[in-house]
Novice: 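Take a look at this one; I'll ask things after.
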Amino acid sequence: PSTFILLGIPGMESNLHEPMYFFLCMLSVADLIISTTAMPKILSIFWFHDRKIYFEACLLQVFLIHSLCSMASGFILAMAFDRYVAICSPLRHSIILTHRVIRNMGLAIVFRGALLFSPQPFMLRWLPYCRTKVIPHTYCEFMALIKLACTETQICRIYSLTAAFLTGGLDFMLIICSYIVILYTVFHLPSKAARLKTLGTCGSHVCVILVAYTPAFFSFLTHRFGHKVAPSIHIFVANVYLLVPPMVNPLIYGIRTKRIRE
């Protein structure tokens, strides 16, 4: 319900027709589809012990989860760019981030996610599987399926690392760069009150960054390098990475953003 409220409020309130809230709506849509893609199967596992999934449905789940997580990361980066322009070039904010630019940025983020991760289902489809058909996860994940293949998968692993870097990794580095410039600008403001007020406009976004990227990077690292990490930790972190951000993001913006709260 909180996600639907976030989607509806900017449409009903004309004073929220600003870039930050448009990007927030885009992020909410991505979060909603991610949850809808994963939650039904997760609940069926725990409620009905239904541990089977058709291979085609599994491939579709792989594509949707990875591409939508990439899109969510892109929307968080777009929100960081909005904060950068609003704080570092406030007089040019409305000139730079026009409705057309916002629409094109959203389309570019969606296209990037779909393009980078569309090869995944085909790569998994072509692999031979001669080991167990059980994956230690509550949803289909690319690297979990790769480990079941009985052939050389180095190309698939390189592709996975490259796609991960070009989405989450690159987005995170650009977000860090934008906040370095933001902090430099803020600490050169004349008064402490102005500095605190300006930093306050970034509070919700920083919380969303921490919620999204902390479990994402931990999950990524444990998958590829944490061979001694207990499987239960893998599963727990993967579920946190997938399910917690869509649940927490609307609460963060609903509670911390005064205009949405009002």
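Predicted model, so just to flag it, every value in this text is computed and none were measured.
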Novice: Quick one: pull up CD1 in Ile87 and OG in Ser178 and give me the separation to the nearest 0.5 Å.
Specialist: 9.5 Å
Novice: Do you know which two heavy atoms are closest between Ala212 and Pro245, and how far apart they sit?
Specialist: CA-CG, 4.2 Å
Novice: Do the two ring centres, one from Phe172 and one from Phe217, sit under 6.0 Å apart?
Specialist: yes
Novice: Counting neighbours of CG on Leu107 that are heavy atoms of other residues, nucleotides or ligands and sit closer than 6.0 Å, is the number greater than 12?
Specialist: yes
Novice: Going by distance alone, is a donor N or O of one side chain under 3.5 Å from an acceptor N or O of the other, for His205 and Tyr179?
Specialist: yes
Novice: Measuring only between side-chain heavy atoms, which start at C-beta, is Arg157 closer than 4.5 Å to Met143?
Specialist: yes
Novice: Nearest 0.5 Å please: distance from the CG atom of Leu161 over to the SG atom of Cys156.
Specialist: 11.5 Å
Novice: Work out which heavy atom in Pro119 is nearest to a heavy atom in Leu115; give both atom names and the distance.
Specialist: CD-O, 3.5 Å
Novice: Could you check whether any side-chain heavy atom of Ile146 comes within less than 4.5 Å of a side-chain heavy atom of Leu127, counting everything from C-beta outward?
Specialist: yes
Novice: Sequence neighbours left out, what pairs pass ring pair (Phe, Tyr, Trp, His ring centres under 6.0 Å) with at least one residue falling in residues 23-45?
Specialist: none
Novice: Rounded at 0.5 Å granularity, tell me how far CG in Asp82 sits from CD1 in Ile96.
Specialist: 10.5 Å
Novice: Provide the closest heavy-atom pair for Phe117 versus Phe63 in the form atom of the first, atom of the second, distance.
Specialist: O-CD1, 3.3 Å
Novice: Ignoring hydrogens, what is the shortest heavy-atom contact between Cys69 and Leu242? Give both atom names and the distance.
Specialist: SG-CD1, 4.0 Å
Novice: If every non-hydrogen atom of Asp50 is compared with every non-hydrogen atom of Ile45, which pair is closest and at what distance?
Specialist: O-CG1, 3.5 Å
Novice: Could you walk me through whether Arg125 and Leu59 pass side chain to side chain contact (heavy atoms under 4.5 Å, CB included), step by step?
Specialist: CA-CA 8 Å; Arg125 182 79 178 180; Leu59 296 181; 3.9 Å; yes
Novice: Where is the tightest heavy-atom contact between Val62 and Glu141, given as atom of each residue plus distance?
Specialist: CG2-N, 4.1 Å
Novice: Under the side chain to side chain contact (heavy atoms under 4.5 Å, CB included) rule, what do His93 and Glu18 come out as? Steps first, then yes or no, please.
Specialist: CA-CA 10 Å; His93 184 253; Glu18 296 179 7; 5.8 Å; no
Novice: To the nearest 0.5 Å, tell me how far Phe187 CZ sits from Ile182 CD1.
Specialist: 12.0 Å
Novice: When rounded to the nearest 0.5 angstrom, what distance separates CD1 in Ile235 from OH in Tyr139?
Specialist: 10.0 Å
Novice: Listing request: all side chain to side chain donor-acceptor pair (under 3.5 Å) pairs with a residue in residues 66-80, at least two apart in sequence or in separate chains.
Specialist: Ser73-Asp171, Ser73-Tyr213
